[in-house]
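Below, all heavy atoms of this structure are taken into account, side chains as well, without hydrogens, waters or symmetry copies. Note that the structure is a prediction, hence the values are computed from the model and not measured.
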Amino acid sequence: MGLRRLGCAAAALIVLAPQLAAARQWLSLRRSDGLSVSAMAYPPQMAACRALAVLSPGAGGSAEGLSELAGFLASEGVLTVVVGHPDSDRKALRQRRRGLGLREGLASLASDPAAHRGRLQDIAAARAWARTRCPAGPAVLIGHSMGASTVMLEAGARNTPGLRGGDAFSAYVALSPQGSGGLFPAEAWRGIQRPLLLVTGTRDRQLDGQPWQARSEAFRSASSPCRWLAVIAGATHGDLAGIAARPGMQALVNRSVGAFLVALWRGDCRAPAATPGLEIRVGGAGVRVPAPAPPRSGP
């Protein structure tokens, strides 16, 4: 199965952030508990859909987030849906900040089992909608910060609340993933078998103050036969979300994600040619992307 345009060569990727797709559209999705979920769809800018991607913003984010990455994926023939999680959106964060402050409010929301349970339902609804428009090809789940935790939960990481994702995607990408402590115990990611990309930056500190290296735990412990750790020199947490990103940072995020897709559908796990400001470490021998497993019964 192929992203044929992406599969030509990693060096041929468009790494400059494209203009947002003019045809992007707002969606109102219905998740399994009946709650309405806002989402933004970016149709593939090609005649045919080559793959689908669901993007999960961080705490306090919205369906308008991660727009540069979404636009890049759409330009490469990927039907892309950014989900606006109602249980952990801007309104939910404002409520948490009252009496706690921003940092504590973020930490409280990011560790809330109910919010994560809702996120897994949001993701399932977005994927179901996208599959009706793109019935063939691989499906990739991508998330930033709290969205990266959503990625790990969906992929099968162990967690203190005992939440279970569906593992219904072909591959997973976590931007600014969380290390152990709080939501995830040590070695939480050992059971993850799907291809996995982690993206962080050398200025991407965790909320608890730990340096970026703490965000690489899943790379060391996951069982995936193809896993990458992409480290962007000087990138902050906001840079990786595309929030007022400094010049060149979004291009390196796009490069990391696009090159990972190229490697997967090329059928191996080799890293691309070196790029200034970007280091990619590779773990595992690499395999062709397996078919997604049937969704589990629930979160």
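- Considering only residues two or more places apart in sequence or on other chains, Arg31 meets the salt bridge (Lys or Arg N to Asp or Glu O under 4.0 Å) condition with Asp33, Asp87, Asp122.
- Geometrically, Arg194 does not engage Phe169 in a cation-pi contact, judged by NZ or CZ lying under 6.0 Å from the ring centre and within 45° of the ring axis.
- With 3.5 Å as the limit, one finds a donor-acceptor pair spanning the side chains of Ser28 and Ser36.
- Taking CD1 from Ile192 and OG from Ser221, the interatomic distance works out to 7.5 Å, rounded to the nearest 0.5 Å.
- For Arg215, the salt bridge (Lys or Arg N to Asp or Glu O under 4.0 Å) partners are Asp204, not counting sequence neighbours.
- Note: Leu252 CG to Glu279 CD = 13.0 Å, rounded to the nearest 0.5 Å.
- In this structure, Ser170 and Pro138 approach most closely via the heavy-atom pair OG-CA, 3.6 Å.
- Pairs engaging residues 182-226 under the ring pair (Phe, Tyr, Trp, His ring centres under 6.0 Å) rule: Phe184-Trp189 [sequence neighbours left out].
- Within the 4.5 Å cutoff, the side chain of Ile142 has no heavy atoms near those of the Val54 side chain.
- The structure places CE of Met249 at 13.0 Å from CG of Asn254, a figure rounded to the nearest 0.5 Å.
- Using modelled atom types and a 3.5 Å distance limit, the side chains of Gln45 and Ser75 yield no donor-acceptor pair.
- No donor-acceptor contact under 3.5 angstrom links the side chains of Ser224 and Gln193, judged on distance only.
- Looking only at side-chain heavy atoms (C-beta outward), Ile280 and Val231 stay at 4.5 Å or farther from each other.
- Side-chain contact between Val151 and Pro177 is absent, with no heavy atoms from C-beta onward closer than 4.5 Å.
- Applying the salt bridge (Lys or Arg N to Asp or Glu O under 4.0 Å) test to Arg190 and every residue at least two apart in sequence or in another chain returns Glu187.
- Under the 3.5 Å distance criterion, with hydrogens and angles disregarded, no donor-acceptor pair is assigned to the side chains of Thr236 and Arg203.
- Partner of Leu197 under the side chain to side chain contact (heavy atoms under 4.5 Å, CB included) criterion, chosen from Val257, Leu264, Leu229: Val257.
- A distance of 8.5 Å separates CD of Gln206 from OG1 of Thr200, quoted to the nearest 0.5 Å.
- Annotation: salt bridge (charged side-chain N to carboxylate O under 4.0 Å, His left out) contacts involving residues 221-232, sequence neighbours excluded, are absent.
- Looking only at side-chain heavy atoms (C-beta outward), Arg131 and Leu52 come within less than 4.5 Å of each other.
- Between Leu79 atom CG and Arg50 atom CZ the span is 13.0 Å, to the nearest 0.5 Å.
- You'll find the side chain of Gln250 reaches within 4.5 Å of the side chain of Val253, heavy atoms only.
- Here Arg270 pairs with Asp268 under the salt bridge (Lys or Arg N to Asp or Glu O under 4.0 Å) rule; sequence neighbours left out.
- Looking at Thr202, its side chain does come within 3.5 Å of a backbone N or O of Gly234 through a donor-acceptor pair.
- Taking CD from Gln178 and OG from Ser145, the interatomic distance works out to 8.5 Å, rounded to the nearest 0.5 Å.
- Residues Tyr42 and Met40 meet the side-chain proximity criterion, which asks for heavy atoms closer than 4.5 Å.
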Under the side-chain contact (heavy atoms from CB on, under 4.5 Å) criterion, do Arg119 and Ser56 qualify, and how do the steps go? CA-CA 8 Å; Arg119 280 175 163 256; Ser56 175; 2.9 Å; yes
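- Contact check for Ile232 versus Val199: side-chain heavy atoms found under the 4.5 Å cut-off.
- Ring-plane geometry between His237 and His144 is classed as tilted, the angle between the planes lying from 30 to 60 degrees on a 0 to 90 degree scale.
- Under the 4.5 Å side-chain heavy-atom criterion for Ile, Leu, Val, Met, Phe, Trp and Tyr, Val82 and Ile243 are members of distinct hydrophobic clusters.
- Contact annotation: the side chain of Leu278 approaches that of Arg255 to within less than 4.5 Å [non-hydrogen atoms, C-beta and beyond].
- Leu35 and Ile123 fall into different hydrophobic clusters, where Ile, Leu, Val, Met, Phe, Trp and Tyr side chains are chained together by heavy-atom contacts under 4.5 Å.
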